[in-house]
There are 2 protein chains.
Amino acid sequence: MNRDDALRLDNQTCFALYACSREITKLYRPFLDELGITYTQYVALLALWEQDDVTVKQLGARLYLDSGTLTPLLKKMEAAGLVERVRDPSDERNVRIRLTGGGQKLKERAYEVPGKAFCRAGVPAEESEELRDRLAAFLRRIHQTTMEE
Amino acid sequence: MNRDDALRLDNQTCFALYACSREITKLYRPFLDELGITYTQYVALLALWEQDDVTVKQLGARLYLDSGTLTPLLKKMEAAGLVERVRDPSDERNVRIRLTGGGQKLKERAYEVPGKAFCRAGVPAEESEELRDRLAAFLRRIHQTTMEE
DNA sequence: TAAAATTAAATTGTGTACAATCGAATATTA
DNA sequence: TAATATTCGATTGTACACAATTTAATTTTA
């Protein structure tokens with residue numbers, strides 16, 4: 001591969017990721033619209049449905065987001081009645097995020113979202129799963145790097 | 001896979017993409033900082049280095065971005081002396097984007113960016129390339145869907 | 001234990017993304 | 001060809017992302 005080929009857009013894994021991620025979000029949007037949530041709110045809920053009552057820090061570690069993104073996001077979700085934000089009495093630096101009844105209930109309607117989205121695009125589950133596992137391995141390595149240095 | 005497993009964050013290909021894309025951008029940032037450009041400006045330049053003198057529409061088709069994102073982006077790049085934006089006299093609806101001398105020259109310094117980034121993370125070229133090709137296939141299918149409907 | 005260091009969340013400022021709308025230019029059609 | 005439809009880029013408004021800074025609370029250390 002020569003110098004110019006190395007800079008071709010279609011040879012960039014970073015661009016494939018960037019484009020793919022945004023297109024997938026567009027694929028999900030109509031189904032998330034029905035639930036009245038954005039994509040970022042959706043992944044925050046996925047994390048909370050798995051483990052409720054976590055600090056902003058913990059949620060950020062799970063989603064690779066910091067308080068600069070999460071604080072306004074969680075305030076909107078609180079205003080929408082999905083979560084509550086409570087200062088931890090035992091350590092006032094922490095804010096704990098807890099699902100409300102409405103936030104828990106929304107999970108029922110979310111079960112069908114991933115299936116609908118991938119069905120819409122006609123992506124076979126196998127292909128998607130294999131891609132997912134490769135990305136997970138990739139992510140671990142990248143994240144380790146950006147954390148260490 | 002039961003219902004709850006289907007909603008686990010680590011089982012979502014969409015989340016793996018979303019997280020991976022943002023972490024990759026962080027990996028590139030220090031090298032792009034040296035060039036004085038953002039990640040989105042970088043991919044716009046990659047496209048223009050490959051094919052110069054294109055309309056905003058054409059550039060958007062290549063990057064999966066619309067004028068809502070591109071117009072302010074290109075104005076900043078124009079202000080930075082990287083491109084010029086000229087109304088096409090033969091069809092005044094179009095705005096053609098052309099690299100300036102400075103924009104062309106920056107390519108010289110960009111050649112080493114991808115290598116540095118992946119070296120930094122210790123990702124083997126093979127693994128990256130295979131991932132890239134899988135993503136490209138995935139992207140084609142998804143994009144076709146979001147366009148058709 | 002009082003001062004210094006660390007931690008967590010919030011805030012500030014910049015830069016995308018993207019849906020929806022707008023206004024001008026061009027193409028289509030009745 | 002005049003009216004209609006389409007296309008393109010710009011604009012508007014909302015919602016992230018994220019670096020950098022700030023503020024308050026807690027730990028660590030001299």
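The sequence lines fix the lettering, A, B, ..., with proteins before strands; numbering per chain opens at 1. Model, not experiment: these values are computed from the prediction.
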Checklist line | Shortest non-hydrogen contact between B:Ala121 and A:Arg141, atoms and distance | finding: O-CG, 3.4 Å
Check: What integer distance in Å separates A:Lys26:NZ from C:dA17:P?
Finding: 11 Å
Next item on the list: May I ask you to verify if any side-chain N or O of B:Arg29 is less than 4.0 angstrom from the OP1 or OP2 atom of D:dC18?
Entry: no
Item checked: Separation of C:dG15 P from B:Leu65 CG (nearest whole Å) -> 16 Å
Margin query: Please give me the minimum heavy-atom distance between A:Val54 and A:Leu48, naming the atom from each residue.
Written below: CG2-CD2, 3.8 Å
Notebook entry, point to check: Has the side chain of B:Ser67 got a donor or acceptor that lies under 3.5 Å from a partner of the other kind on the base of D:dA10?
Noted result: yes
Notebook entry, point to check: Within this structure, what is the CG-to-P distance between A:Asp66 and C:dT11, rounded to whole angstrom?
Noted result: 14 Å
Notebook entry, point to check: Can you list, by residue number, the residues of residues 79-86 of chain A that have a non-hydrogen atom closer than 4.0 angstrom to DNA chain D?
Noted result: none
Checklist line | CA sep, side-chain torsions, deciding dist, call: A:Leu70, A:Ile97, side chain to side chain contact (heavy atoms under 4.5 Å, CB included) | finding: CA-CA 11 Å; A:Leu70 285 176; A:Ile97 308 301; over 6 Å; no
Check: Which whole-number value in Å describes the distance from A:Lys57 NZ to D:dA25 P?
Finding: 18 Å
For nucleotides 12-16 of chain D, list the nitrogen or oxygen atoms of the protein found under 3.5 Å from its nitrogen or oxygen atoms, one pair per line.
from, atom 1, to, atom 2, distance (Å)
D:dC16, OP1, A:Thr38, OG1, 2.8
D:dC16, OP2, A:Gln41, NE2, 3.3
D:dC16, O3', A:Thr40, OG1, 3.2

Next item on the list: Round to the nearest Å and state the distance from A:Asp33 atom CG to C:dC18 atom C1'.
Entry: 12 Å
Next item on the list: Go through A:Thr69 and A:Asp66 one step at a time and tell me if the side chain to side chain contact (heavy atoms under 4.5 Å, CB included) criterion holds.
Entry: CA-CA 6 Å; A:Thr69 301; A:Asp66 65 12; 3.7 Å; yes
Check: Is it the case that B:Arg22 places NZ or CZ above or below the six-membered ring of B:Tyr18, under 6.0 angstrom from the centre and within 45 degrees of the axis?
Finding: yes
Note to self: In this structure, how many angstroms lie between the P atom of C:dA17 and the CG atom of B:Leu17, rounded?
What the structure shows: 15 Å
Notebook entry, point to check: For the pair made of CG in A:Leu59 and C1' in C:dA8, what is the distance, rounded to whole Å?
Noted result: 14 Å
Next item on the list: Describe, in one word, how the ring planes of B:Tyr64 and B:His143 are oriented to each other, choosing from parallel (under 30°), tilted (30 to 60°) and perpendicular (over 60°).
Entry: perpendicular
Note to self: To the closest 0.5 Å, what do you measure between CZ (A:Phe138) and CG (B:Leu17)?
What the structure shows: 11.5 Å
Margin query: Is there a path of hydrophobic side-chain contacts, each under 4.5 Å between heavy atoms of I/L/V/M/F/W/Y residues, joining B:Leu74 to B:Val86?
Written below: no
Next item on the list: Rounded off to whole Å, could you give me the CD1-to-P distance for the A:Ile24 and C:dC18 pair?
Entry: 13 Å
Checklist line | Any donor-acceptor N/O pair, B:Asp52 side chain to B:Leu99 backbone, under 3.5 Å | finding: yes
Nucleotide N/O to protein N/O under 3.5 Å, stretch nucleotides 25-28 of chain C:
from, atom 1, to, atom 2, distance (Å)
C:dT26, OP1, B:Glu92, N, 3.1
C:dT26, O3', B:Arg93, NH2, 3.4

Notebook entry, point to check: Start at the 5' end of DNA chain C and walk down; is the nucleotide closest to A:Thr55 or to A:Thr25 reached first?
Noted result: A:Thr55
Next item on the list: Please step through side chain to side chain contact (heavy atoms under 4.5 Å, CB included) for the pair A:Asp4 and B:Trp49, ending with a clear verdict.
Entry: CA-CA 9 Å; A:Asp4 285 317; B:Trp49 287 328; over 6 Å; no
Notebook entry, point to check: B:Tyr28 vs B:Tyr42 aromatic rings, parallel, tilted or perpendicular, using cut-offs 30° and 60°?
Noted result: tilted
Margin query: Between B:Thr71 (side chain only) and B:Ser67 (backbone N and O only), is there a donor and an acceptor less than 3.5 Å apart?
Written below: yes
Note to self: Check this one for me: any side-chain N or O of A:Lys75 less than 4.0 Å away from OP1 or OP2 of C:dT11?
What the structure shows: yes
Check: Hey, does the side chain of A:Arg22 come within less than 4.0 Å of C:dC18's phosphate (OP1/OP2), counting only N and O?
Finding: yes
